[in-house]
Amino acid sequence: MIAVNAGARLDRLPVSAFHRRVFVLVAIGMFFDGFDIYLAGTVLGTTLKSGFSTMGQNAAFVSMTFVGMMLGSFVTGFLGDRFGRRFTYQANLALFGLASLAAAFAPNMTVLIGLRFLMGAGLGAENVVGYATLTEFAPAASRGRWLGFLAVVVVTGLPVAVLISTVMIPAFGWRSMFILGGLGALVVWYLRKALPESPRWLESVGRNAEAEALLTKIESEVSDPGALAPIVPPAQAPSRALATLFAPPLASRMVLGCTALIVINTLIYGFITWLPSFFVKQGLSIATSFNFTLIMSLGAPVGSAIGALTADRWGRKPTLIGASAAAIVFGAIYPFVTDPVLLPLVGVALTIPIYVLVALLFGVYIPELFPTEVRLRASGICNTFGRGATIVTPFLVVKLFTDYGVVGVLALMIGLLFVLILTVAAVGIEPRRRSLEDLGSGAAEDAPVQEPLIAR
């Protein structure tokens, strides 16, 4: 009998209906993650106008979302490495779905804020375990494309949330948005019961019989097992100890992961989400501000799609550095554009490379940096630092905008992008077309890749 060797056996499989099914089951849950993150902007204006909330309570609602996401990111890393990917993504969906349904019946804003904390914990967990789960199923040769398109699904939550809210809130009130999100999450919870556990994780915890049975089933579904390419011998399995994250070769990757997610979270929540406020403060009407923001938001799915299409073709490091450089250029131009036609166009040109970074950092690069044995804990810790940045970013943005205008805000963003470029160039690794096992063992970057038999 063949040794389990889950990584090499998964990497040699041709892309098939099995991979597409796993992608869909992961993606629909991640979509609701993106949908609900952007839900606040559509709901809070209505609660404020109706007198259900105050400005201070709205701020607390947003803050508790990010506090919950930070805690969820951290805790799910430890739960996912201990109890498995399947247990964790089902638990976080149940938490989010039930809390969202309860939020629809909140008697006051205080209760709604508390429930939002629970929803945030589920959202933070989903972001970590969703990307990591698909990482462990996708073949090495096309892993970047699969994960990049998963990020596209997530960012489409922004325009979808806006469009649905324009219909649902006037007709049924703001509570309907929480009902929709909660029911959607619970439907996904039921559908995801068909999503298998990660064979890589099963092998990493010594559940070899389960891993072997699952791999045999997957191989028989995907292709004729006798026609598959020979298996590359596995590298020595890394330690499951948390201490390995703070020793070579993973310590430098932890620094890279934490730095990268601090930068990208600050870009999103220190610039992108503040665009309507910036436009209004610069003298534009609310209607014009909304239109400009909507135009610029189109850069989100475009940028994520570019990241998905280039990750495997150009490599992660060149794409990250190139997108950061493009964002620096357009970020330097943006504050000085006053023409009403050019302003949203330059804004789109700035938004696109930012969301290339979103796709690569959240979806592709960070989960690849760490071996299966510690992947969720490492990703969870990195996401905890990134989400922590979102708590302090609003206060820093307000201070910079008050003192220096949008130039001050963009100066901070440009400075952070330079830090990202230097960090990726100095300590980043290139995972393109390399197996997760080679990456986790610290093998040389020219290590052989197990190619699938058929490329589709």
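Keep in mind that the numbers below use all heavy atoms, side chains included, and drop hydrogens, waters and symmetry copies.
A donor-acceptor distance shorter than 3.5 angstrom exists from the side chain of Thr244 to the backbone of Ala241, with no hydrogens or angles considered. Under the 3.5 Å distance criterion, the side-chain polar atoms of Trp201 are matched with a main-chain donor or acceptor of Asp81. Glu136 contributes no side-chain N or O that, together with a main-chain N or O of Pro199, makes up a donor-acceptor pair within less than 3.5 Å. Put simply, the side chain of Lys317 gets close to the backbone of Gly428: a donor and an acceptor are under 3.5 Å apart. Judged by distance alone, with hydrogens and angles left aside, the side-chain atoms of Arg253 form a donor-acceptor pair with the main-chain N or O of Leu369 at under 3.5 Å. Under a 3.5 Å cut-off, the side chain of Arg86 and the backbone N or O of Lys193 do form a donor-acceptor pair. A donor-acceptor pair under 3.5 Å is formed between the side chain of Arg375 and the backbone N or O of Pro367. No donor-acceptor distance shorter than 3.5 angstrom exists from the side chain of Asp438 to the backbone of Arg434, with no hydrogens or angles considered. Arg145 places no side-chain N or O within 3.5 Å of a backbone atom of Ala141 that could act as its donor or acceptor partner.
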Working note: Glu126 + Thr76, criterion side-chain contact (heavy atoms from CB on, under 4.5 Å); need CA distance, chi angles, decisive distance, verdict. CA-CA 8 Å; Glu126 176 71 13; Thr76 198; over 6 Å; no
Residues Asp11, Ser435; criterion side chain to side chain donor-acceptor pair (under 3.5 Å); working and verdict: CA-CA 7 Å; Asp11 281 345; Ser435 74; 4.6 Å; no
Can Glu368 and Arg143 be said to form a salt bridge (charged side-chain N to carboxylate O under 4.0 Å, His left out), step by step? CA-CA 9 Å; Glu368 292 178 318; Arg143 189 173 59 236; 2.7 Å; yes
Stepwise, does the side-chain contact (heavy atoms from CB on, under 4.5 Å) test hold for Met69 with Met119? CA-CA 8 Å; Met69 291 179 73; Met119 294 166 65; over 6 Å; no
For Val22 and Leu195, what are the C-alpha separation, side-chain angles and deciding distance, and is it a side-chain contact (heavy atoms from CB on, under 4.5 Å)? CA-CA 7 Å; Val22 169; Leu195 186 60; 3.9 Å; yes
Salt bridge (charged side-chain N to carboxylate O under 4.0 Å, His left out) between Arg200 and Glu437, worked out: CA-CA 10 Å; Arg200 280 182 158 104; Glu437 287 65 36; 2.8 Å; yes
Decide ring-ring contact (aromatic ring centres under 6.0 Å, His included) for Phe66 and Tyr269; before the verdict, give the C-alpha distance in whole Å, the side-chain angles of both, and the deciding distance to 0.1 Å. CA-CA 11 Å; Phe66 292 125; Tyr269 299 107; 4.8 Å; yes
Output, in order, the C-alpha distance, side-chain angles, deciding distance and verdict of side-chain contact (heavy atoms from CB on, under 4.5 Å) for Thr351 and Leu298. CA-CA 8 Å; Thr351 304; Leu298 297 177; over 6 Å; no
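For the residue pair Ser204 and Arg240, the shortest heavy atom distance occurs at OG-NH1, 3.4 Å. When all heavy atoms are compared, the tightest approach of Arg316 to Gly144 is NH2-N, 3.5 Å. Contact detail for Met70 and Gly388: the closest heavy-atom pair is SD-CA, 3.5 Å. Considering all non-hydrogen atoms of both residues, Arg192 and Tyr89 come closest at NH1-CB, 3.5 Å. Closest non-hydrogen pair, Phe96 versus Gly181, comes out as CE2-O, 3.7 Å. Across Ser165 and Pro170, no two heavy atoms sit closer than the pair O-CD, 3.3 Å.
Thr390 and Arg387 form no side-chain donor-acceptor contact under 3.5 Å, judged by distance and modelled atom types alone. One side chain, Thr65 or Arg116, offers a donor N or O that lies under 3.5 Å from an acceptor on the other.
Side-chain rings of Tyr334 and Phe271 approach one another, their centers coming within less than 6.0 Å.
Ile113 contributes atom CD1, which lies 5.5 Å from atom CD of Gln57 (distance to the nearest 0.5 angstrom). With rounding to the nearest 0.5 Å, the separation of CZ in Arg20 from CG in Leu25 is 13.5 Å. Taking CZ of Arg82 as the reference point, atom OG1 of Thr88 lies at 11.0 Å (rounded to 0.5 Å). A distance of 7.5 Å separates CG of Leu112 from OG1 of Thr47, quoted to the nearest 0.5 Å. Here the OG-CG distance, from Ser324 to Leu357, works out to 4.5 Å after rounding to the nearest 0.5 Å. Between the OG atom in Ser100 and the CZ atom in Phe32 there is a gap of 9.5 Å [rounded to 0.5 Å].
A cation-pi contact, defined as under 6.0 Å to the ring centre and within 45° of the axis, is absent between Arg175 and Phe105.
Put simply, the side chain of Phe362 does not reach to within 4.5 Å of the side chain of Leu147, judged on heavy atoms. Contact check for Trp189 versus Leu95: no side-chain heavy atoms found under the 4.5 Å cut-off. Thr266 is not listed as a side-chain neighbour of Val263, based on a closest heavy-atom distance of 4.5 Å or more. Using a 4.5 Å heavy-atom cutoff, the side chains of Val329 and Ile333 are in contact. Within the 4.5 Å cutoff, side-chain heavy atoms of Val374 are placed close to those of Pro371. Residues Leu256 and Tyr365 have side chains in contact (heavy-atom distance under 4.5 Å, counting atoms from C-beta outward). Within the 4.5 Å cutoff, no side-chain heavy atoms of Tyr355 are placed close to those of Pro301. Considering only heavy atoms from C-beta on, Thr319 comes within 4.5 Å of Val356 through its side chain.
The local environment of CZ in Phe117 is crowded, with over 12 non-hydrogen atoms from other residues, nucleotides or ligands closer than 6.0 Å. With a 6.0 Å radius and a threshold of 12 heavy atoms from other residues, nucleotides or ligands, Tyr190 has its OH atom at or below the threshold.
Just one residue in the list Leu180, Leu123, Val154 forms a side-chain contact (heavy atoms from CB on, under 4.5 Å) with Phe35, and that residue is Leu180.
Using a 30° and 60° split on the angle between ring planes, Trp174 and Phe178 fall in the perpendicular class, above 60°.
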